[in-house]
J.: 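I have a structure here, written as structure tokens, and I will follow up with some questions on it.
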Amino acid sequence: MVEKITAYRFERLDQTLSQLNREDCVIMAGGTDVMVLHKSGRGVPLKFPKPIVFIDHLSELKQVYQNHKDLHIGACCTYSELLEHPLIPFSLKNAINTIAAPAIRNRGTLGGNICNASPAGDTLPLLYVYNAKLLLRSVNGDRMVAITDFIQGPRRVQRFHKEILAEIILPSILEEGSHVVFEKVGNRNADAIAKVSFAGYIRIKGARIDDVRFAFGAVGPTMVRSIDIEKKLVGKNIPLADADIAQVVAAFDKIIKPIDDQRSTAVYRKTVALNLLRYFLSMKQYQPN
Ligand SMILES: Cc1cc2nc3c(=O)[nH]c(=O)nc-3n(C[C@H](O)[C@H](O)[C@H](O)COP(=O)(O)OP(=O)(O)OC[C@H]3O[C@@H](n4cnc5c(N)ncnc54)[C@H](O)[C@@H]3O)c2cc1C
């Protein structure tokens, strides 16, 4: 016998939040992770432990706007929508272009990638180096949390069941002058989950490094970032001396601890991660992008 699934699809965000306050539900945005997570055997209907609440259509969660130098991105913007949007930075579009194939990009959302908290989530290294903040909304109001605090482990986030991730805020991203790269290594250029990913951010004044950040994906339970290591490079001049590069690479060598799995080996992952870092640090020039 087919089991019944209770599903809600309210017109407005406030109605959706009220329902979440009354009842714990599975939030469904694009559903590209949720459907995989709840699949049963072949030909067997999906099983959901709780009612579903759809949020993908809510216009309140689909706005992209600028507030001073900060960029606000609605959690339910799909990848295809973000690719078309003039305010979305080139580096984020670059990362999005490596995600799955157009059909998934038409459904998958930025908020879903964050709340799914996969160690291989492709937007996450960039969101870490952008110091992304997340706006969580419930019937009790809003709260803001740094992405580094929100993501606690694979598929583990610091969200109360009555909360919805409403916006992703990228602080000062519309300020001039930073050079940002995203690199993903997978089995092929499209439709592949990352074996390793890397995001690098650098801001230079004259030849002096004003700010620098790195994050690695798919080499640990969450993104690997170390503000202590980054600080060692602030104030140095470009091009960096070989000894400075070697010191930073050695420091990450100690904290990157990947695993072997069906996609890659720990040795390959670490070698590639450190090569990407070395490549980024060895650049002779960084053009703002
Ligand atoms: C074939 C295939 C290929 C894929 N390839 C890639 C890839 O290359 N790179 C990659 O990073 N990912 C990939 N994915 C994973 C997936 O597409 C992304 O993680 C996507 O961003 C998920 O977004 P969604 O809107 O579909 O999330 P959903 O599946 O709707 O939700 C994911 C999780 O987040 C929660 N959630 C979603 N939105 C919110 C919100 N606003 N507030 C609170 N909770 C929320 C849900 O309850 C669920 O736990 C792939 C998936 C498939 C099926």
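Hydrogens, waters and symmetry mates are skipped; everything else that's a heavy atom, side chains included, is used. Order of listing sets the numbers, starting from 1, for every ligand and every atom in it. What you see is a predicted model, and the numbers here were worked out from it, not measured in a lab.
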J.: What protein heavy atom is closest to atom 11 (O) of ligand 1, reported as residue, atom name and distance in Å?
T.: D122 N, 2.8 Å

J.: Rounded to the nearest 0.5 Å, what's the gap from OG1 on T78 to CD1 on I104? Could you check?
T.: 12.0 Å

J.: I'd like to check which ligand 1 atoms, numbered from 1 as shown, lie under 4.0 Å from a non-hydrogen atom of R159.
T.: 43 (C), 44 (N)

J.: Salt bridge check: are D56 and R9 linked by an N-O gap of less than 4.0 Å?
T.: yes

J.: Considering only protein heavy atoms, which is closest to atom 19 (O) of ligand 1, and at what distance to one decimal place?
T.: D33 OD2, 2.6 Å

J.: Quick one: look up the protein heavy atom nearest atom 47 (O) of ligand 1 and list residue, atom name and how far away it is.
T.: I27 O, 2.6 Å

J.: Just to check, does C76 reach to within less than 4.0 Å of ligand 1 when the distance is taken from its heavy atoms?
T.: no

J.: Polar-atom distance check: Y79 versus ligand 1, any N or O pair below 3.5 Å?
T.: yes

J.: Just how far is it from atom CG of L240 to atom NZ of K284, taken to the nearest 0.5 Å?
T.: 9.5 Å

J.: Side chains of Y65 and E167: any donor to acceptor distance under 3.5 Å?
T.: yes

J.: Taking the six-membered ring where the residue is Trp, are the ring centres of F198 and Y279 under 6.0 Å apart?
T.: no

J.: Side chains of Q19 and Q15: donor-acceptor distance under 3.5 Å anywhere?
T.: no

J.: Would you confirm whether any non-hydrogen atom of the protein falls under 4.0 Å from atom 14 (N) of ligand 1?
T.: no

J.: Short list, please: which atoms of ligand 1 are under 4.0 Å from a heavy atom of I193?
T.: 5 (N), 6 (C), 7 (C)

J.: What protein heavy atom is closest to atom 42 (N) of ligand 1, reported as residue, atom name and distance in Å?
T.: L165 N, 2.9 Å

J.: How far is atom 37 (C) of ligand 1 from its nearest protein heavy atom, and which residue and atom is that?
T.: G112 CA, 3.6 Å

J.: Just let me know how K184 lines up against ligand 1, side chain, backbone, both or neither, with a heavy-atom cut-off below 4.0 Å.
T.: side chain

J.: Take E60 and R137 through the salt bridge (charged side-chain N to carboxylate O under 4.0 Å, His left out) test and state the conclusion after the steps.
T.: CA-CA 11 Å; E60 298 98 320; R137 186 159 291 163; over 6 Å; no

J.: Nearest 0.5 Å, please: how far is CG in L274 from CZ in F216?
T.: 6.5 Å

J.: Hey, which atoms in ligand 1 end up nearer than 4.0 Å to a heavy atom of G121?
T.: 11 (O)

J.: Which of the numbered atoms in ligand 1 are below 4.0 angstrom from a heavy atom of G30?
T.: 24 (P), 25 (O), 26 (O), 30 (O)

J.: Give the numbers and elements of all ligand 1 atoms closer than 4.0 Å to a heavy atom of A192.
T.: 8 (O)

J.: Is it the case that atom CG in N189 sees more than 12 heavy atoms from other parts of the structure closer than 6.0 Å?
T.: no

J.: Test your reading of the structure: does G31 have an N or O sitting under 3.5 Å from an N or O of ligand 1?
T.: yes

J.: Among I27, T109, L17, L20, find the residue that satisfies the side-chain contact (heavy atoms from CB on, under 4.5 Å) test when tested with I55.
T.: I27

J.: Below 4.0 angstrom from a heavy atom of A29, which ligand 1 atoms are there? Numbered from 1 as shown, please.
T.: 25 (O), 30 (O), 37 (C), 38 (N)

J.: What residue and heavy atom of the protein are closest to atom 12 (N) of ligand 1, and at what distance?
T.: N113 ND2, 3.8 Å

J.: Kindly identify the option in T109, I52, D191, I104 whose heavy atom sits closest to atom 52 (C) of ligand 1.
T.: I104

J.: Quick one: pull up CZ in F48 and CG in L37 and give me the separation to the nearest 0.5 Å.
T.: 9.0 Å

J.: Classify the contact between A75 and ligand 1 as side chain, backbone, both or neither, using a heavy-atom distance cut-off of under 4.0 Å.
T.: side chain

J.: Are more than 12 heavy atoms from other residues, nucleotides or ligands located less than 6.0 Å from atom NZ of K133?
T.: no

J.: For atom 3 (C) of ligand 1, find the nearest protein heavy atom and state the residue, atom name and distance (0.1 Å precision).
T.: A100 CB, 3.6 Å

J.: Under a heavy-atom criterion of less than 4.0 Å, does V26 contact ligand 1?
T.: no

J.: With a 4.0 Å heavy-atom cut-off (strictly under), which part of R155 contacts ligand 1: side chain, backbone, both or neither?
T.: neither

J.: Look up atom CD1 in I88 and atom OH in Y79, then write down how far apart they are to the nearest 0.5 Å.
T.: 12.0 Å

J.: Could you name each residue pair satisfying side-chain hydrogen bond (donor to acceptor under 3.5 Å, both in side chains) that touches residues 120-131, not counting sequence neighbours?
T.: S91-Y130, N113-T123, D122-K184, N131-R225

J.: Quick test: of every protein heavy atom, which one is nearest to atom 51 (C) of ligand 1, and how far off is it to 0.1 Å?
T.: T32 O, 4.1 Å

J.: Taking atom 39 (C) of ligand 1 as the point of reference, which of I164, I55, V34 owns the nearest heavy atom?
T.: I55

